[in-house]
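Residue numbering restarts at 1 for every chain, and letters A, B, ... go by the order of the sequence lines. The shown structure was predicted, so the numbers you read here are calculated from the model rather than taken from an experiment.
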Amino acid sequence: MRVDLEVNGVRRSLDGVREGESLLHLLRERVGLPGSKNACEQGECGSCTVYLDETAVCACLVAAGQAQDSRVVTVEGLADGAELHPVQRAFVEAGAVQCGFCTPGLVVTVHDLLARTSDPGEAEIREALAGNLCRCTGYEKIFDAVRLAAGEAR
Amino acid sequence: MTVAPARPVAVRDGVGDSARRPDAVAKVRGEFAFSSDLGHDRMVWGATVRSPHAHARVLGVDASAALALPGVHLVLTAGDVPGVNRYGLERRDQPVLAEDLVRYIGEAVAVVAADDPELARRAAALVRVDYAELPALTDPELALSGGGPVLHEDGNLVRHLRIRRGAMPAAADIVVVTGEYEVGMQDQAFLGPESCLAVPDADDGVDLYCSTQWLHVDQDQLADCLGLPAEKVRLTLSGVGGAFGGREDLSVQAHACLLALRLGRPVKMSYGREESFVGHVHRHPARMRYEHGATRDGRLLYVKADILLDGGAYASTSAAVTGNAGCFAAGPYEVPAVEIDCRSVYTNNPPAGAMRGFGAVQVCFGHESQMDRLAAALGMDPVELRLRNAVDTGSVMATGQRVEGPAPVAELLRRVAGKPLPPPPGTDPRLLPGGMSNSTRAEGLLRGVGYGLSVKNICKSAGYDDFGTARVRVLARGGDVLAEVHTAAAEVGQGLVTVQAQIARTELGVERVTILPADTAVGDAGTSSASRQTWISGGAVRAACAAVRARLLERAAEVLGEGAEALRLESGQAVSELSGRAVPLVELLVTEIEETAVFRHRDTQPLDPETGQGDAHVAYAFAAHRAVVDVDPELGSVRVVEIACAQDVGKAINPAAVEGQMHGGIAQGLGLALMEEVKVRDGRILNPSFTDYLIPTTMDMPPTVLDILELPRADSPYGLTGVGEPPLLSAPAAVAAAIRDAVGAALDRIPVTPEAVAAAAVGR
């Protein structure tokens, strides 16, 4: 089947999409945006978090066909050219990145959190990030990055 | 005028600075290429046909239905392996593709290549394999007793390490405690799936881009399996999405190379999460029987331990894990007499092998549980009992080896014990036991505090020739000096690329350092495990830089007309300490300078086969943990309120990265304590997903309190010791101890389940 959508501001018409294909697969294999990651492909790890019409979703749980006529923003669409988004910069500065496989999903999730709440509290941060698994960092420096980015945004 | 020391030279982002990762920007942008992100124009996808039986004869394979699907190119079985159809880290006992026998559920039997991944998976499902089931041996005790089928030629015992030291004391006036403990099977649960891209070349060789912990050991095994000389199997490390021991063994590598070479086309393979659970080894499940004897005033007199590790269907690193579990079974304590038997066996369970902590984690739960039990029997504070018996520099370990270098075990414990305790539970249900399930309002909660002390070897042990290689090139480019560092050392997320660059900056006084991709075009770096890479590959980088520096100073000496011994490198110049004259390095680099160095740590000895005595280890690292928990005794739910960890790192080459290792290690330890277990029944993994295999989330992790000691070693680069494993080791023991403290009852198995907690709370 054919899927038309906008990804990171670019209109795409993709032919030959399989009925069972996920939005994640479409983004990674057809659009050529592998930033959204494939760690569990069942909505548990959050590594594939993207915006689907302004809502943060696990791209692995969205059928590609459901994204018809929608606007998708992936981690690759957050920076302004060479200029990192403040959330991305905060991850770099806080040392919140180790292996980095969870990082794209967490960057989108934190971007979403701070778009909704400029000054999240401790429990709120933890709850907002509870759908994103990280195996390397124990999350502490990711929390540092959230606080750093929130402070910068204020 | 003050004369600066010749080296190390102060430079920004050098040794001791929290330099940022060079790959962090690409990672936050989503542009870092992990092995699962690779692609090639003419590429096809591989998929694996796996055994549904724990133990069975393979009668035949019929691939006709799979091959009939349009877009399916090839199905390969054991007969298609051109070289030796065996691989393995310690003994080559595992077939690349099963021949006439399968020994675990998930064993690879055939591989398929097709145009897209979904088609490849469908085709794999259509490959018909006829099996004749055999009785499965899934109980390690039965495997040990010889009561079941014999799974390998040399029998079911992989290794028996026997440690005997000192004379058992006479029975008068000794306080004796015994215990039986169990540790479940933990999964590394790295997020990046096993994946690779194999690209055949024109001269029958192959270029493999993959995630691994050790390029050269992969290359050795692959060359033999493929029947190719090593130089025709060239490996390049691609982005690795975590490892933790689970990428020491081959997974997709041989299969993808086989398909690519046969088809003459690039082949990509990438496991899904379910396949990943059978696609790599796990932490050995352990059963441990302990007996500790002590004087009335709390001096340990002896430790007896009998430890059984389930190695699963193939050896992997079971022998070395057995060695470690045995060596550290008595913990970081002075014990005059030990009697330790540590065994690993083959079963028809999924293979076990390396995972962060490598045998020391399991026994730590055993010896620390015993120390608490002993403290209770003596009526003594558990911290006091540990302090009274902690090893120090000069102490003798269970293997008879004297502890050289810093051993601040008592100090580490004092530090965590001295931290202020966290405030009592608040009212936000998200931070209470049960979390977002909102199951308590903090009424009736029990708080507990527990401790753990741990020890583990750093670097390879027992006579292994452990070394690292580094090539460093210095050149002038665009009016600036650039250093390139090339090793085969695997960056798996720990930050090795960062510390390599820091070392080069410090040694050469050069700001611009590029870390080249790790590949097999340079010499062996050894494995990214045993907390060894900063020491070993870092040592090699340092040595190569020293050789480069010597040549730079020779050139400078010639230009300045002064002796090289009075010159040093600083801020891109060679400076004379005598005359103060300087020459820019750029001017010395009309021709570039390149040096390769190999770095070895000191020799170690194998353990005596009868007594288990010997100087088997290069170095010991120590950690102490204190856990504070809140327990809901009715539901058995646990919230870890805080974990404090104190660790001696010798020298923090990158303090922020050290903290990151500690945070991550603590998290994996908390996971093993409370939730992480690969459940296996009749050889089948029941929970191969992140829905059913739980790793700690942001809601599970408490705040951590870190205390990093830097007591320099005399025998390592900059005085450092390995950092990666210690912060995990005693975290599970401390959490379990804290729960026991809260509910006042024994808990002898980790992970501690809510059922076990609730039952213990009722029984108290």
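- The closest donor-acceptor contact from the side chain of E725(B) to the backbone of S531(B) lies under 3.5 Å.
- By a heavy-atom distance cut of under 4.5 Å, D428(B), R430(B), L431(B) are the residues of residues 425-435 of chain B near chain A, going up by number.
- With chain B as the partner, the residue from T103(A), V107(A), L133(A) showing the most heavy-atom pairs under 4.5 Å is L133(A).
- For residues 46-72 of chain A, heavy-atom neighbours of chain B at less than 4.5 Å comprise S47(A), sorted by residue number.
- Classification of the F32(B)-F34(B) ring pair by plane angle, with boundaries at 30° and 60°, yields perpendicular.
- Considering only heavy atoms from C-beta on, R356(B) stays 4.5 Å or farther from S529(B) through its side chain.
- Only the side chain of M436(B) comes within contact range of chain A, judged by heavy atoms closer than 4.5 Å.
- E124(A) is listed as a side-chain neighbour of T117(A), based on a closest heavy-atom distance under 4.5 Å.
- Residue-level contacts of residues 88-98 of chain A with chain B, in order of numbering, are Q88(A), F91(A), V92(A), E93(A), V97(A), Q98(A); threshold 4.5 Å between heavy atoms.
- Using a 4.0 Å cut-off between charged nitrogen and carboxylate oxygen, E676(B) and R135(A) count as a salt-bridge pair.
- Checked for salt-bridge contact, K37(A) and D37(B) meet the test: a charged N lies under 4.0 Å from a carboxylate O.
- Against chain B, no residue from residues 4-12 of chain A qualifies, as none has a non-hydrogen atom under 4.5 angstrom away.
- With respect to chain B, the highest number of heavy-atom pairs below 4.5 Å among G35(A), C102(A), G100(A) belongs to G100(A).
- Heavy atoms of Y271(B) lying under 4.5 Å from chain A are absent altogether.
- Heavy atoms closer than 4.5 Å to chain B are found in the side chain of A79(A), but not in its backbone.
- If you tally non-hydrogen atom pairs under 4.5 Å between each of E122(A), E21(A), E41(A), Q42(A) and chain B, the highest count goes to Q42(A).
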